[in-house]
Amino acid sequence: MKEHSDSYNPSSDIREVGMRITVGLDTQDRYDGVHVTLSDLAFTDDSDPQKLFDGDTEEVAIKTIGNEYSKYFYLYFSTDYPPEYVKLYLAQDSPMPSYIMTTWYKISETSIGWYFPEAGTRVVTFNKPNGFGQPTSLLVGFGDPGISLCEIELAPPMDDIVLTQSEIISAEISEEVDVSAEKFPKRTLDFEASASGFNPELLPCCTGKSVKTEISVNGEYIHTGDFFIDEAVSINGGAGVRVHCSDIVTRMEKFMTGLTTGGVKTLSEVLNYGSGAAAFVEFDMDDYSANAVFCADMYTEIDTQENCLLLAAQAANISSIWVNRDGVVRISCLARGSGYVKEIQPDDVIEYSEYSVNDRVEYVEVTGENSSGVTAANSGNYYQACMMAFLKNDFFTPSSAQTLANNYIAAKNYRLNAVLKLRCDPALEVADRVKLIWKDQSDMGEFIVASQKISFDESGLSSVVKLCAPLPEVYDSK
């Protein structure tokens with residue numbers, strides 16, 4: 001759970017709520033990922049390709065010389081930040097090139113173009129070919145000596161877009177955690193904003209950009225998540241935009257990699273080493289999960305980063321895995337532990353939507369095989385037509401088999417559910433433990449926040465939370 005300031009009053013009858021969405025346009029990142037290669041013997045010795053991206057449109061960066069060698073340079077683009085266009089700034093005293101030849105490249109495809117600048121032209125723009133997708137490089141060739149180039153622009157220089165409640169039409173944040181550790185859910189953000197705050201002309205350069213959300217109650221802003229834009233479209237004839245975002249799990253779904261432990265290792269040993277599926281990710285684990293052992297020696301083929309990490313978390317004593325609001329991958333066995341961070345009081349509740357009990361899982365089996373041996377264990381009592389669950393994972397180790405089975409059946413029997421519509425405390429996060437006080441002031445015990453959907457629009461701020469817990473033993477019978 002996020003921390004409130006000392007002045008926060010959860011029981012305040014009058015609440016002033018707001019929201020702030022910041023879209024980072026990452027202009028500098030686009031340039032940081034570009035590499036320039038000049039053709040041999042065709043440019044002056046003092047040509048410096050690094051100056052092509054320093055923002056100075058007056059100082060000469062590179063200059064062609066008069067010889068028979070081809071005069072061209074390559075721009076190699078970052079795969080994370082492809083260009084929207086390429087704009088060349090010629091020096092004031094540069095002769096006009098008789099022609100400029102370009103070739104756009106991407107995997108197994110090229111697109112050639114010819115440009116014949118008019119006299120007096122100092123800025124030449126090469127637009128990415130229609131339908132070309134994501135280019136990997138661009139070759140630019142000049143037909144003459146003495147051509148002086150000062151600067152290259154790959155995207156319009158822009159400040160971050162900051163939307164406040166006056167420009168946000170509606171916004172919805174969804175977050176989830178799976179107590180039984182069978183899924184690695186993603187967090188999502190969907191919002192609509194007016195064109196006065198988010199210019200629809202910027203939409204073509206927004207996919208992949210970072211988004212930060214904050215929600216305020218009575219002036220106190222709480223960070224409610226970091227995301228990346230997956231899709232952005234214009235709505236209502238250009239009067240606004242609709243944007244769909246998700247967290248780093250979406251990127252993990254597309255990153256093909258692997259995970260090898262080199263024998264039986266603890267989860268913290270493997271993930272903190274930072275290679276394969278553990279690369280480029282920050283982790284936060286409790287001791288119970290971090291010290292659990294698993295083995296991926298038989299894992300010789302590649303898979304998505306998402307699935308590799310899910311299997312590793314499962315093998316760590318049936319630990320749940322999710323990404324928190326700061327983009328950190330959290331791993332914890334939620335079926336264990338106690339102690340709540342917040343009480344949900346009747347005054348916090350707008351609507352009691354559901355209070356239900358799922359069927360009891362009577363019997364589970366966990367299985368797997370790798371170089372450490374064959375894992376096979378069960379927990380519970382089998383009888384004809386009983387509810388059963390099975391989990392196969394080749395990261396499991398025989399030494400952990402019974403613990404895995406016991407934790408799995410415990411997690412599957414978090415079968416007491418409460419769905420509530422709340423006034424929304426933006427500091428509350430999934431995987432938090434809360435104490436639920438019912439409308440008659442009875443203590444319903446501790447629950448885990450399994451999912452939360454935060455909604456903000458002109459009607460105000462609210463959230464729908466799903467809580468889950470094991471049924472108290474006095475009731476938990478067949």
- request: Evaluate the ring planes of F198 and F191, with Trp represented by its six-membered ring, and classify them as parallel (under 30°), tilted (30 to 60°) or perpendicular (over 60°).
  value: tilted
query: For the residue pair Y355 and W438, does the interplanar ring angle fall in the parallel (under 30°), tilted (30 to 60°) or perpendicular (over 60°) class?
result: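 Aromatic pair Y355/W438 classed tilted.
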Main-chain N/O of [Y] paired to [X] side chain as donor or acceptor, under 3.5 Å:
X    : Y    : result
S455 : E172 : no
Q305 : A279 : yes
E446 : G339 : yes
N407 : N317 : yes
R15  : R423 : yes
N218 : E16  : yes
S216 : G18  : yes
N393 : L311 : yes
D226 : G327 : no
N378 : V364 : no

Does some side-chain heavy atom of [Y] sit less than 4.5 Å from a side-chain heavy atom of [X]?
X    : Y    : result
K439 : V349 : no
D247 : W322 : no
N199 : I161 : no
E365 : K392 : no
F283 : S268 : no
S332 : S319 : no
I454 : C424 : yes
F396 : L391 : yes

query: Going through the checks in order, is the salt bridge (charged side-chain N to carboxylate O under 4.0 Å, His left out) test met by R187 and E429?
result: CA-CA 11 Å; R187 304 176 68 254; E429 301 181 76; over 6 Å; no
field: V281 and M252: CA distance, side-chain angles, deciding distance, side chain to side chain contact (heavy atoms under 4.5 Å, CB included) verdict
entry: CA-CA 10 Å; V281 179; M252 291 179 179; 3.9 Å; yes
Within 6.0 angstrom of [X] [atom1], more than 12 heavy atoms from elsewhere:
X    : atom1 : value
Y352 : OH    : yes
E354 : CD    : yes
Y273 : OH    : no

message: As a quick check of understanding, evaluate side chain to side chain contact (heavy atoms under 4.5 Å, CB included) for T304 and M256, giving each step before the final call.
response: CA-CA 4 Å; T304 64; M256 301 303 295; 3.7 Å; yes
Flag the pair [X] and [Y] as a salt bridge only when some basic side-chain nitrogen lies within less than 4.0 angstrom of an acidic carboxylate oxygen.
X    : Y    : answer
D284 : R330 : yes
K342 : D425 : yes
E176 : K466 : no
R251 : D230 : yes

Looking at [atom1] of [X] and [atom2] of [Y], how far apart are the two atoms once the value is rounded to the nearest 0.5 Å?
X    : Y    : atom1 : atom2 : value
N413 : Y408 : CG    : OH    : 11.0 Å
S463 : I350 : OG    : CD1   : 7.5 Å
L203 : E231 : CG    : CD    : 10.5 Å
I173 : T213 : CD1   : OG1   : 3.5 Å
I21  : I168 : CD1   : CD1   : 4.0 Å
E343 : I437 : CD    : CD1   : 5.0 Å

Side chains of [X] and [Y]: donor-acceptor distance under 3.5 Å anywhere?
X    : Y    : answer
E167 : T164 : yes
S289 : D286 : yes
Q402 : N406 : yes
D178 : S180 : yes
Y85  : E153 : yes
T397 : S400 : yes

Check against side chain to side chain contact (heavy atoms under 4.5 Å, CB included), L154 and I152: CA-CA 7 Å; L154 304 177; I152 293 178; 3.8 Å; yes
message: Between V464 and S353, does the side chain to side chain contact (heavy atoms under 4.5 Å, CB included) criterion hold? Intermediate values first, please.
response: CA-CA 9 Å; V464 175; S353 303; 5.7 Å; no
Option passing side-chain contact (heavy atoms from CB on, under 4.5 Å) with M285 (candidates N272, T266, I321): N272
field: Non-hydrogen atoms of P346 and Q441 that approach each other most closely
entry: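 Distance-wise, the nearest heavy atoms are CG-NE2, 3.4 Å.
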